[in-house]
Protein chains: 2
Amino acid sequence: MPVTAPANTASRRELNKVATRRAIADAALALLRSKGAGNFTVEDIAAEAGVSRRTFFNYFTGVDAALASLADRFLDNVLEQFRLRPADEPVLESARAALMELADPMTAAPIAELFSLTNSSQGLGRCELEAWEHCTEQIIAAARERLGEAADELHLRAMAGSIIACGKAAMGVWFEERGADLSPESLAVFRQHLVTAVGLLASGFNAPATA
Amino acid sequence: MPVTAPANTASRRELNKVATRRAIADAALALLRSKGAGNFTVEDIAAEAGVSRRTFFNYFTGVDAALASLADRFLDNVLEQFRLRPADEPVLESARAALMELADPMTAAPIAELFSLTNSSQGLGRCELEAWEHCTEQIIAAARERLGEAADELHLRAMAGSIIACGKAAMGVWFEERGADLSPESLAVFRQHLVTAVGLLASGFNAPATA
DNA sequence: TGCAAAAATGCACTTAGTGTAAATATGTGC
DNA sequence: GCACATATTTACACTAAGTGCATTTTTGCA
């Protein structure tokens, strides 16, 4: 009868739920790969994951949410890097370092694939917008934690939003230039874009916007 | 037989389509007000607008898109202000001036109402995310137009995204502080937040984020 | 092993969204 | 004003999304 909060040692039930959630998300990705965006149904995902259609909806509100969870899984790497930075470092410098994680092959590959697969259908997929938004909120939370309760909410939000905007911009430009090319040279370009974008942000976009 | 592009003098057909589109969007807003988010169907909107359900889908992909078009209608005011700024002005200064339009009662009232109505259900409504995204794309286009083809795409995107992030942040903070209070004092606060946020952006977020 | 809680499932139902063909409205030449 | 071509709306049918509820299966624990 634990009146205290559930222990951080995950119970078997917790583990199973996480595993099921992952299985569903992975099934969605598999179908995205094999059939292309919009060419499979929730029922297909459920079958692929070995659960019932109803169970799918117990875990996700829809296909988009399932795919967004995949993006979240990797964008969370960025957040983790941010948290690992020394607390007395300027936030923008931490952000720059954390965004480098985007250009890590292990992170970039799934994100790039996911975005290229979902972008094929429309301008910018809903699931991406939500994934970036989710990441923004987490950066705000992490920055607030670092700066203490006295942190100015407006400052936090504007800064976090701008940082993510730089990440989005760098990824978007890289994407248009190189497709989903994940070669070391291509990733170096991506990394350079991230550095440039954050550098522009840190300088207040003072330089003229012409090459 | 006009092989040339359709004349800018709108034909009757064009006008009717615009009117129908508006009627549908307005009907959606009316239902959002009277029944609350999520408590009405596409069929309800179509009936309210006096068209068939199928016609609704000829104009919008869903309820979200219809509501987003309302947001777009007012966010376009921001873009218009941006375009009216002198071409030799620094882009950030133009952006600051344009964002002031958000705090104009005629613009703020519908936006604030729309966001408060849609926010009631979830963190940040899909339609809002899409509306901001749409606005960002337009700012990019306007800035590119101003700066010429030599404009650096990364610079443009990162800057436009950051500007919009500041607008989002100012509106979000104002919202949490004042609800949908549209009194002159409240709007003055909102305006101040916009100025502050863009000021932070222009300074590269150098000041510490504590009050 | 047996029992209570949690999770998964099956089923029924409403609504979203789309293809198609028929009906209606609009623009144009005469 | 009339007739014809084209654009738009509509009705209908269909697949799939999403949800509520009762039931079954699984899991944790004594």
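Reminder, nothing fancy here: chain letters follow the sequence lines and each chain counts from 1.
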What pairs of nitrogen or oxygen atoms, one from the protein and one from nucleotides 21-26 of chain C, lie under 3.5 Å apart?
unit_1, atom_1, unit_2, atom_2, d
C:dT26, O2, B:Arg13, NH2, 2.6

Among B:Glu137, B:Glu153, B:Glu149, the one residue meeting salt bridge (Lys or Arg N to Asp or Glu O under 4.0 Å) with B:Arg144 = B:Glu153

When B:Asp26 is tested against each of B:Arg33, B:Arg21, B:Arg73 for salt bridge (Lys or Arg N to Asp or Glu O under 4.0 Å), which residue passes?
-> B:Arg73

Is the shortest heavy-atom distance from the side chain of B:Thr41 to the side chain of B:Ile45 under 4.5 Å?
-> no

Any side-chain heavy atom of B:Arg191 within less than 4.5 Å of one from B:Met100?
-> yes

Report the distance from atom CD of B:Glu14 to atom C1' of C:dG27, rounded to the nearest whole Å.
-> 12 Å

Considering just the side-chain nitrogens and oxygens of A:Thr20, establish if one lies under 4.0 Å of OP1 or OP2 belonging to C:dA7.
-> no

Should B:Leu79 and B:Arg83 count as side-chain neighbours, where that means a heavy-atom distance under 4.5 Å?
-> yes

Nearest-Å distance for atom pair CD1/C1', residues A:Ile45 and C:dA8 = 18 Å

Strand contacts (DNA chain D) in residues 47-54 of chain A, 4.0 angstrom heavy-atom criterion | A:Arg53, A:Arg54

Using a 4.5 Å cut-off on heavy atoms from C-beta on, say whether the side chain of B:Arg85 contacts that of B:Arg146.
-> yes

Whole angstrom value for the distance that separates P of D:dT15 from CG of A:Asn39 = 17 Å

Output yes when at least one side-chain N/O atom of B:Lys17 is less than 4.0 Å from OP1 or OP2 of D:dA7, else no.
-> no

Could you tell me the separation between the CZ atom of A:Arg21 and the C1' atom of C:dA8, rounded to a whole number of Å?
-> 16 Å

Side chains of A:Glu101 and A:Phe74: does their closest heavy-atom pair fall under 4.5 Å?
-> no

Sub-4.5 Å side-chain heavy-atom contact between A:Ile139 and A:Thr136 = no

Does atom CD of B:Gln192 have more than 12 heavy-atom neighbours from other groups under 6.0 Å away?
-> yes

Between the CD atom in A:Gln138 and the CD1 atom in A:Ile164, the distance rounded to the nearest 0.5 Å is 10.0 Å

For C:dT14, does either OP1 or OP2 sit under 4.0 Å from a side-chain N or O belonging to B:Thr41?
-> no

With no hydrogens and no angle check, do the side chains of B:Ser52 and B:Thr55 hold a donor and an acceptor under 3.5 Å apart?
-> yes

When rounded to whole Å, the CG to P distance for the pair A:Asp44 and D:dT15 reads 15 Å

Neighbours of DNA chain D within residues 55-71 of chain A, by heavy-atom distance under 4.0 Å | A:Phe57, A:Thr61, A:Gly62

